[in-house]
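Worksheet for the structure shown next.
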Amino acid sequence: MLTHSTRPYATCVVLAAIVAGCTTRRVSPSDHDHQMGAAPAAATMGGEVTLQQPSGLPPNSATVAQRLASSPRHGEWAVIRTGPSDSVRAWVVYPQRSTKAPVVVVIHEIFGLSSWVRGIADQLAADGFIAIAPDLLTGKGTLQGDTLAYDAARSLIQTLKRPDVQRQLAAVGKYGMSLPAALPKYGVVGYCWGGGTSFQHAVASPEGLGAAVVYYGTSPASAELVSVKVPVLGLYGGNDERVDATIPGADSTMKALGKFYEPHLFAGAGHGFLRAQDLPQGNNPGNPANLTATQQAWPLTIAFFRKYLGA
């Protein structure tokens with residue numbers, strides 16, 4: 001597992017005043033330089049210097065099309081029955097391995113199932129998991145290729161009812177575990193709206209769920225956390241006060257309940273840092289802290305799933 005700094009969260013952000021001694025980890029750029037090695041290789045195109053997408057990481061929004069077009073892994077669309085009167089479409093990607101694999105259900109952002117989310121699934125498969133990305137907005141709105149228009153998705157996602165979402169996610173996990181190539185255990189990982197939904201899935205803790213990863217999603221109400229039965233990993237941007245304000249309550253409550261919750265805070269990174277890795281292109285340097293956060297967070301994600309779901 002990636003070695004990382006363990007500076008107390010209480011010394012890092014203004015939320016210290018809320019919960020003293022909170023154990024959220026903050027990872028700084030200097031930690032990255034020490035642990036992750038050299039920066040990505042540079043290439044010259046048309047007189048401008050661009051950085052190549054680092055290997056072993058999910059694509060960002062600018063590089064996902066190339067990733068999906070060149071992936072050697074088998075990906076396919078499936079329709080998964082999630083109840084007596086509903087189904088979801090889902091993108092399923094299989095790893096290249098000779099043994100059965102654990103399953104990871106990828107919960108999309110507020111923008112719905114997109115090419116970028118499918119790229120996340122591809123990277124999970126590259127890391128050895130069967131990845132399933134369900135479209136929780138199936139049948140709502142008009143697709144543009146594989147994706148809803150952002151504004152439409154943001155509006156439609158507000159119409160979803162939490163019990164229905166959790167029921168559908170449990171059905172997708174059950175479907176994944178039933179695949180001939182799968183082990184009988186699954187995890188969930190979600191981003192933004194999907195991050196909060198992933199934490200809520202830990203609250204639901206249906207049969208077969210082994211772990212939950214939360215990328216910059218809000219935490220459930222403290223009273224709900226008593227129902228959590230699986231370990232939870234939280235990965236957050238340091239410049240995301242709205243979401244970060246919900247970390248201390250979850251951290252202190254989970255500890256009081258004797259449940260595993262490991263939040264990490266990445267200095268300088270913003271909300272949505274995994275999608276917006278902002279590789280420098282030309283004269284647009286973007287936010288290098290987002291890439292640093294990605295290079296720290298993704299190995300933590302894979303190590304966590306391998307520990308609790310199997311390699």
Side-chain angles (χ1 to χ4, degrees), residues 1 4-27 104-105 107 109-110 160-167 169-170 173 185-267 269 271-274 293 296-297 300-301 303-305 307-309:
M1 184 174 180
H4 57 284
S5 66
T6 55
R7 298 183 182 89
Y9 179 72
T11 66
C12 304
V13 294
V14 296
L15 298 176
I18 305 176
V19 177
C22 179
T23 59
T24 302
R25 281 76 168 164
R26 178 176 178 174
V27 184
V104 175
V105 176
I107 309 174
E109 308 155 294
I110 198 170
L160 299 182
K161 297 179 180 178
R162 179 172 140 188
D164 290 335
V165 169
Q166 294 302 326
R167 171 179 55 79
L169 290 173
K185 184 173 284 189
Y186 78 100
V188 288
V189 58
Y191 305 88
C192 180
W193 175 87
T197 302
S198 181
F199 212 148
Q200 290 291 351
H201 203 58
V203 170
S205 283
E207 183 178 357
L209 182 66
V213 177
V214 178
Y215 271 83
Y216 34 83
T218 55
S219 304
S222 294
E224 297 180 283
L225 297 175
V226 67
S227 300
V228 174
K229 298 178 182 177
V230 300
V232 179
L233 174 68
L235 304 164
Y236 307 94
N239 293 347
D240 192 8
E241 183 178 357
R242 177 186 66 86
V243 170
D244 295 346
T246 71
I247 298 173
D251 186 62
S252 58
T253 301
M254 290 283 279
K255 282 183 171 55
L257 292 170
K259 300 178 187 295
F260 185 94
Y261 172 50
E262 184 178 285
H264 294 255
L265 193 75
F266 299 100
H271 184 80
F273 62 78
L274 199 70
Q296 298 279 358
L300 290 172
T301 301
F304 186 76
F305 278 143
K307 178 177 181 178
Y308 291 106
L309 302 182

Please evaluate residues Tyr261 and Ile247 with respect to the criterion side-chain contact (heavy atoms from CB on, under 4.5 Å), reporting the C-alpha separation (whole Å), side-chain torsions for both, the decisive distance (0.1 Å), and the verdict.
CA-CA 10 Å; Tyr261 172 50; Ile247 298 173; 3.8 Å; yes

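Taking the side-chain hydrogen bond (donor to acceptor under 3.5 Å, both in side chains) definition, one finds that Asp240 meets it with His271, sequence neighbours left out. Ser219 pairs by the side-chain hydrogen bond (donor to acceptor under 3.5 Å, both in side chains) definition with Thr246, not counting sequence neighbours. Not counting sequence neighbours, the partners of Ala293 by the side-chain contact (heavy atoms from CB on, under 4.5 Å) test are Phe266, Ala269, Phe273.
Between Thr218 and Arg242, some side-chain heavy-atom pair lies under the 4.5 Å cut-off. Counting only heavy atoms from C-beta outward, the side chains of Leu169 and Ile107 approach each other to under 4.5 Å. Between His201 and Pro206 the shortest side-chain heavy-atom distance falls below 4.5 Å. Proximity of Val189 to Phe304: side-chain heavy atoms (C-beta onward) are nowhere separated by under 4.5 Å.
The two residues Tyr186 and Val188 have their closest heavy-atom pair at CE1-CG1, 3.9 Å. Shown here for Tyr236 and Gly217, the closest heavy-atom pair between the two residues is CE2-O, 3.6 Å. Heavy-atom minimum distance, Gly187 versus Phe305: CA-CE2, 4.1 Å. Counting all heavy atoms, side chain and backbone alike, Lys255 lies closest to Asp251 at NZ-OD1, 2.7 Å. Between Ser252 and Gly249, the shortest heavy-atom distance links the atoms OG-O, 3.2 Å.
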Return a table of donor-acceptor pairs under 3.5 angstrom between the side chains of residues 221-234 and protein atoms on other chains or two or more places apart.
residue: Ser222; atom: OG; partner: Thr253; partner atom: OG1; Å: 3.3
residue: Glu224; atom: OE1; partner: Ala221; partner atom: N; Å: 3.2
residue: Glu224; atom: OE2; partner: Arg162; partner atom: NH1; Å: 2.9
residue: Glu224; atom: OE2; partner: Arg162; partner atom: NH2; Å: 2.4

Name every donor-acceptor pair, under 3.5 Å, that has one atom in a side chain of residues 207-216 and the other anywhere in the protein, sequence neighbours excluded.
residue: Tyr215; atom: OH; partner: Thr301; partner atom: OG1; Å: 2.6

